[in-house]
Every structure is written in C-alpha cells, then in structure tokens.
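Heads up, the thing below is written out as structure tokens.
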Amino acid sequence: MAYLLKGVSVLGAAPTDLVIKDGVIAAEPDNTAQVIDATGLVALPGLVDVHTHLREPGREDAETVDTGSRAAALGGYTAVCAMANTDPVADTAGVVEQVWRLGREAGLVDVQPIGAVTIGLAGKQLAELGAMASSAANVRIFSDDGFCVADPRLMRRALEYVKAFDGVIAQHAEEPRLTEGAQMHEGEVSTRLGLTGWPAVAEEAIIARDVLLAEHVGSRLHVCHVSTAGSVEVLRQAKARGVRVTAEVTPHHLLLTDELAAGYDPVFKVNPPLRTRKDVEALRQALLDGVIDVVATDHAPHAVQDKECEWAYARPGMLGLQTALPIVLSVFGENWDLIADRMSVAPARIAGLTGHGGDLTAGTPANLTLVDPSYRGVVDPSELASRSRNTPYAGMTLPGRIVATFLRGEATVLDGKAVK
Ligand code: DOR
Ligand code: ZN
C-alpha cells in the first residue's frame, strides 16, 4: 500500500506532501496512493523506546508482547527495547529469540530484546552475553533492570565483554544497601509520611562508580531512568571528560514529584521513586542540554492485585507508552527537533536500530508517526491498549494525539486506532 500524506508538516516545517511507497519515503508522487489529509499534523520519525517492560514470558496477565506492541504503536512508537526481567529471565539466546519472534508475530513495532547482564538477574554470574548477541535477536543492550549490577567486579567484566561487539550495559543505578526497605524518595515528604526513604545518593554513587568503570575499560555505559539533580551533575562531568556514557529520563520523572505519595495511592509508586521539584527542574534542563540523551518510558504494566493494594506491598512501576509524547509535549511544548532527537534519533542510535530515527527524506525507511498537536484529551485508563491500568495520569488533560503510525511503510495505526 502506498500513502500520500497531504499537507503534512515534517518536524514543524511548512506543509508539504509526503509519499510512502515500498517501505520508504518516496521521491516521486504516486497516483495509486491512499490519500491521508494531514493538514495540521506533524510527521516525526517513529518513536523509539529503549526501556519497555512487556512482561512476556511469565506475566501475560499484566502485558503481552502483542498488547504492549499495540500500546507502543498507538503511542507513536515504531521500535521498543524489551527489558529482560521476564519469567523466565531473558538471560539466554533461547528466551531473547522467543521475545524477538513474538514481536515479529505481533508486527506492530520492532521489538528489540534486551538481554540480562547476570544469570537470573541474581547479580552473581555473567549471563551468556555473547550467545545473545550472536542470536537471531541480535542483542546489543544488556540490563538487569529492576536490580542494580551492584558488584563492581561483575560490572567491570560485563562492560569489558560487550566491548567486542559494541554492546552497552544499561544500569539500573541503585546501591542496594542504601535502599533496603525503601518505599519512596528520602526527603521531607518521606519523613512526614513515615515511609522508609530511597536517598538520591544511592543512585548517584552507582552512576559515579560506573562512569569511572566505563572510562577505565573504554566501554559504553547507559544509565536507566536518571532521577536526581545530583546524577545530572555526575553525568555532566563524565561527558565533559569524554566518557562513553548515555542516559535516559522517564516522562514521569520529568513531570511528577514525591508529594504525590502523600495520598498513599500506589499508582505513584515507582523505582527510582518520584523526586522533588528541584530534581524535576534539573532533569528537564539536562534533557534540553543533552546531558540526558533520551526520554525512555520505563513502561511497567502491573496486574490489579499487584498495584491496588497497600503501598508497601505494591509493585513499583507505571504505564508509559501511550502517554509519553503527550507528557513531553506538555513539558517542552512543540519543540519538534528536541522531541525527534530525544525520542527517536538518539534512542535508535543507542540501541543500534538502523532504519529507525531517520530524517524522513526520500529513500529513508518509512518509520514515522503523525501527531495532531492541537488535540487536547483526558487520559482514560480504560481506553489504553495495555493489558494493565496503572497510569498515574488518569483524568489529566494532555496535549497531542497520535493519528497514524507507519512501520516500514505499513500503517500500524490509522485514525488513532490500531490497524490490526
Ligand atoms: O518501577 C519500576 N518498575 N522500576 C524498575 O526498575 C522495574 C520496573 C518493573 O519491572 O516493574
Ligand atoms: Zn529500572
């Protein structure tokens, strides 16, 4: 199928016509193309998420590769990197190939599996990183996300190992001894509520250590969900020295603060926890400056019984795929160059996903999304495509609607609805 996007604004530029044919942005018009009136719509390269929890295998009651892919396409994504903390853990070539194949079958976004750094995420022995890298899933990012690779020797070995195939270790930076029993950000609010705190230094100490390790061995480090102003300063210095480090921030850490814990609604429980206004401001500035490279969702679906319970027993995490772009738009406005870079170009580069994060010029793969920036909508959890309902944005009015998404020239979303 060929498409003609009539009157579309590419990254906010003056309206033009864009033809999609044979999987690429075409140079010539095509009379057989299906015409889409794109007046007032902005075309962006398809969004790429380097941090998505799809829960399959093991917790298909919370999400599957299919439902998560659907949420992703509806959120404007054309590729997502699936975190390894499934059951069984994605720590072998067999499991990463299974996830990769499920992604192909769903056919809505490219699902790029992330492999575990250590066997069973237990932090004791390196997983078969080489076998995962050379498998059909072609794994390049490795992460024990959910847990920190706390042992410095293991972290060093992992960094050294992936250097051979230009892999990257994505660290969930949390010094476990400093966060035992932690329930929320350690600060004024935790003191007032009487909840055990998760201090900023538990994140900052691991990032500081890991940038030194990455510098020492000359490897690539990626820091997951950066959440504190202090972490930003550590990253700023490391980057200024030329350390090969990249970092992500989540939409929720760009918007929400620890004050939200005061209602004890576990929908706001997340790891790392929501921080203070000062941290939020520093994270926004870091994304603008490029000290933080990308926005990543940390989409973390959880079943009702794991979320609608007492705060202390609730699992950490929140949905993110369908609200990421609206949140970023609400925080930064229609800064399309920033949005394209931090949500598509840079994440595709970090994950090594060629074909994504392109510039939408003729001949490039037609991975793109069409946004209506004038739209304002109220977030209704029951309308989300995820199998779970744990969005912290329920009832909020947010700007922006994904009208269409194309994966290699095929529509995955049209008229704001998934095509299959
Ligand atoms: O909030 C979180 N949820 N943080 C993590 O690191 C893991 C994730 C999950 O798997 O639910
Ligand atoms: Zn994490």
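Just so we're clear, the structure is a prediction, and the values are computed from it rather than from any experiment. All residue numbers refer to positions in the sequence shown, counting from 1. Counting convention: from 1, in listed order, for ligands and their atoms alike.
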Inset, instruction - Indicate whether the side chain of H299 and that of D49 have a donor and an acceptor atom separated by less than 3.5 Å. - result: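 No.
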
Inset, instruction - Please check if any side-chain donor atom of H356 sits under 3.5 Å from a side-chain acceptor atom of T78, or the reverse. - result: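 Checked: H356/T78 side chains pair up, N/O donor to acceptor below 3.5 Å.
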
Inset, instruction - Check each heavy atom of P316 against ligand 1 and say whether those closer than 4.0 Å belong to the side chain, the backbone, both or neither. - result: both

Legend entry - Heavy atoms of other groups near R153 CZ, more than 12 under 6.0 Å: no

Legend entry - Q125 CD: over 12 foreign heavy atoms closer than 6.0 Å: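 No - once you tally the heavy atoms of other residues, nucleotides and ligands closer than 6.0 Å, there are 12 at most.
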
Inset, instruction - Say whether H51 and ligand 1 are in contact under the criterion: heavy-atom distance to a ligand atom below 4.0 Å. - result: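 Outside the 4.0 Å threshold, so no.
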
Legend entry - Proximity flag R315 to ligand 1, non-hydrogen atoms under 4.0 Å: no

For ligand 1, which atoms sit closer than 4.0 Å to a heavy atom of [X]?
X    : result
V270 : 1 (O)
H172 : 6 (O)
H302 : 11 (O)

Legend entry - Counterpart residues, ring pair (Phe, Tyr, Trp, His ring centres under 6.0 Å), relative to Y3 (two or more places apart): F406

Legend entry - Angular separation of H225 NE2 and H172 ND1 about the Zn ion (ligand 2), given to 10°: 100°

Inset, instruction - For residues L368 and T405, determine if any side-chain heavy atom of one lies less than 4.5 Å from a side-chain heavy atom of the other. - result: no

Legend entry - Residue pair H172 / E203, side-chain heavy-atom distance below 4.5 Å: no

Inset, instruction - Of all N, O or S atoms in D145, identify the one at the shortest distance from the Zn ion (ligand 2). - result: OD1

Legend entry - For atom 11 (O) of ligand 1, the option (of R55, H53, M83) bearing the nearest heavy atom: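 Among R55, H53, M83, the closest heavy atom to atom 11 (O) of ligand 1 belongs to R55.
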
